[in-house]
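Since this is a predicted model, take the numbers as computed values, not measurements.
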Amino acid sequence: MTTTSQADTAANADQNANAITFDSFGLDARILRALTEQGYTKPTPIQAQAIPVVLLGKDVMGAAQTGTGKTAGFALPIIQRLLPLANGSASPARHPVRALMLTPTRELADQVYDNVARYAKHTDLRSTVVFGGVDMNPQTDALRRGVEILVATPGRLLDHVQQKSVNLSQVQMLVLDEADRMLDMGFLPDLQRIINLLPAQRQTLLFSATFSPEIKRLASSYLTQPVTIEVARSNSANENVRQTVYQVEDGQKQAAVVHLLKQRAAQGLSRQCIVFVNSKIGCSRLARHLEREGINAAAIHGDKTQTERMQTLEGFKNGTIDALVATDVAARGLDIPDMPCVINFDLPFSAEDYVHRIGRTGRAGASGDALSVFQPGDERLLVDIEKLIKRSIPRATLDGFDPTGERARGEDAERRRARSEVRRARGESEERPRRKDGNGSGQRPVFRPSDDPFFSRPYEPSAGSAAATPKPEEAAIAALGRGRTAPKRPLAALLGGVPRKS
DNA sequence: AAAAAAC
């Protein structure tokens, strides 16, 4: 295919954008070297649009879904613009921050920072990240030593501001990443407080999945003659994603998800999958169920400690975990490249969240599967989704799905749980020396029915992450008992399972 | 109806 087609369509513009390379932006050799090492040569459409504009110092209003390469789109030109500060002429530690990047979630902050650090690797620019849920002291130390680029979630940043461990009076560039999400989460007052600490003379980049009236109001308050950059049409699901819904009877969703996962494995498709669940409790429960079915699964949600959340993500990225069972903490922002498959165990309450969830797959031209299971009562949610994406999602049946055995067991969850405890104890005692705590080496046990050829890959926890995962009882307590709003429950209730609501 | 985020 050539790029000299006559039709001057948007798709064509994207193609032309893809035809150029990073060299053509005039980026510094140190940045290009880092990009080459990462294996990046061609900018994505949003990078091709954003980089020149940011380099010119203009404000940007960017509509970009996750997975479009948005982070590099702002990080690369920001690094380039800050380069004169590097090379020994770094700013004094008293008021060093020159670029501030704000994100709604801790994971996103960490990932943006990770990207920045990689792109700036061969420069003298210093960067760090601050977010809540972890010890403040190491963050304070890093801030005191001085950084040019700071990535942060709003709450913890204000904490540091209050403690006077950071001075924002020299910030020249501000990035509001996933701004719609930040507004959704009630960060507006925090954002206003932070922005009021910054010089009025600065460059501001705002990225958002949608341009809602609230976002437009935010932009008109804090941006100056912004250049609008839009890549994917907002509210429209990616064309490369094959969406399918499966209607199942009440109480069969768990079995259906197990079936889908095993079927994919049987077909030789990648096992890596994010499974979305609406509630934190349901999230932990489904992860436990998948593990009992021999699937390497782990839950990630807001009641997990920050350490657990990071370990889980790390395990997912290095392949120790196949199924990441997540609440909407993972719907936006989490930078997990090339997800082959997303499954909705619950249809999301809001149709917009559906778009964000399935936006985890089919990125940058790759294809992906977005599968959803739903029960008859969820029909209305599905209608809302189809209305938003302006498309009907094909219904399909689960090939060879026999829910009866699974459902029969489902009706006796207590007994099933007890049986799995016994199975676990036996499995552990055969393979690993048992300690007094009855949990072998302390590693998270994974059940792998030997008669199931699809799940016969050996379980190899990585030294630093999965091996440090707490035993399931502790995880269950952490999942249910932590957090400001989590109900306090007696230990027996936690270990025996939480009674289903309503 | 839920989740997320500062202590």
Side-chain angles (χ1 to χ4, degrees), chain A residues 66 101-112 129-140 143 151-166 176-194 197 208-209 253 274-287 299-306 308-310 312-313 324-334 344-357 360 374-375 377-382 384-385 479-480 482-487 498 500-502:
Chain A
T66 32
M101 303 171 179
L102 298 177
T103 75
T105 67
R106 300 163 180 175
E107 277 81 6
L108 184 54
D110 201 35
Q111 283 153 8
V112 169
V129 59
V130 300
F131 50 74
V134 294
D135 191 0
M136 278 190 85
N137 292 329
Q139 299 178 353
T140 305
L143 291 172
V151 188
T153 52
R156 178 55 69 94
L157 177 62
L158 283 171
D159 240 3
H160 282 293
V161 166
Q162 225 161 19
Q163 303 210 354
K164 304 225 189 303
S165 42
V166 64
L176 303 173
D177 200 9
E178 309 268 354
D180 52 340
R181 187 73 169 159
M182 288 201 275
L183 294 191
D184 285 353
M185 289 166 59
F187 275 140
L188 182 59
D190 285 356
L191 288 183
Q192 290 169 327
R193 229 168 286 151
I194 291 167
L197 298 169
S208 176
K253 289 202 298 184
I274 301 184
V275 185
F276 282 106
V277 183
N278 284 354
S279 73
K280 291 181 277 200
I281 288 176
C283 180
S284 290
R285 187 186 288 144
L286 179 62
I300 186 165
H301 56 66
D303 279 352
K304 296 281 189 188
T305 64
Q306 201 53 40
E308 286 171 327
R309 282 161 63 163
M310 290 194 285
T312 301
L313 267 188
L324 183 70
V325 186
T327 60
D328 280 317
V329 67
R332 309 187 198 202
L334 287 200
N344 286 304
F345 173 79
D346 293 319
L347 289 176
F349 295 121
S350 98
E352 257 187 34
D353 283 339
Y354 177 84
V355 177
H356 284 289
R357 287 180 179 185
R360 314 305 325 177
F374 73 104
Q375 297 171 352
D378 301 332
E379 196 80 49
R380 209 185 59 77
L381 294 172
L382 194 55
D384 287 348
I385 290 166
L480 297 169
R482 280 212 187 85
R484 290 188 282 277
T485 55
V498 180
R500 189 181 281 273
K501 272 191 289 182
S502 76

Partner residues of Asp177(A) under the side-chain hydrogen bond (donor to acceptor under 3.5 Å, both in side chains) criterion, sequence neighbours left out
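Counting only residues at least two positions away or on another chain, Asp177(A) forms a side-chain hydrogen bond (donor to acceptor under 3.5 Å, both in side chains) with Lys70(A).
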Could you pull out all residues at least two apart from Asp378(A) that satisfy side-chain hydrogen bond (donor to acceptor under 3.5 Å, both in side chains)?
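None.
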Phosphate contact ([N] OP1 or OP2) by [X] side-chain N/O below 4.0 Å:
X: Arg193(A); N: dA6(B); result: no
X: Arg106(A); N: dA4(B); result: no
X: Thr153(A); N: dA6(B); result: yes
X: Thr327(A); N: dA2(B); result: no

Please check this pair: side chain of Thr327(A) against backbone of Lys280(A), looking for a donor-acceptor N/O pair closer than 3.5 Å.
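Side chain of Thr327(A) to backbone of Lys280(A): no pair is present.
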Expressed in angstrom and rounded to an integer, what is the separation of [X] atom [atom1] from [N] atom [atom2]?
X: Phe374(A); N: dA1(B); atom1: CZ; atom2: C1'; result: 19 Å
X: Phe345(A); N: dA2(B); atom1: CZ; atom2: P; result: 15 Å
X: Ile281(A); N: dA2(B); atom1: CD1; atom2: P; result: 10 Å
X: Lys280(A); N: dA5(B); atom1: NZ; atom2: P; result: 9 Å
X: Leu183(A); N: dA3(B); atom1: CG; atom2: C1'; result: 16 Å
X: Leu102(A); N: dA5(B); atom1: CG; atom2: P; result: 15 Å
X: Phe276(A); N: dA2(B); atom1: CZ; atom2: P; result: 18 Å
X: Asp353(A); N: dA4(B); atom1: CG; atom2: C1'; result: 11 Å

Between dA5(B), dA2(B), dA6(B), which nucleotide has the shortest distance from any of its atoms to the side chain of Phe131(A)?
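The nucleotide sitting nearest to the side chain is dA6(B).
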In terms of side-chain heavy atoms of Phe349(A), which of dA1(B), dA3(B), dA5(B) is nearest?
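Between dA1(B), dA3(B), dA5(B), the one nearest the side chain of Phe349(A) would be dA1(B).
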Heavy atoms under 4.0 Å, any strand shown: does [X] hit a base, just sugar-phosphate, or nothing?
X: Gly133(A); result: sugar-phosphate
X: Asp159(A); result: base
X: Pro104(A); result: sugar-phosphate

Exactly one of Leu143(A), Leu197(A), Asp159(A) should register a side chain to side chain contact (heavy atoms under 4.5 Å, CB included) with Val166(A). Which one does?
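Going through Leu143(A), Leu197(A), Asp159(A) one by one, the side chain to side chain contact (heavy atoms under 4.5 Å, CB included) with Val166(A) is satisfied by Leu143(A) alone.
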Looking at Asp384(A) and Arg380(A), is any side-chain nitrogen of the basic one under 4.0 Å from a carboxylate oxygen of the acidic one?
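Here Arg380(A) pairs with Asp384(A) in a salt bridge, since their nearest N and O are under 4.0 Å apart.
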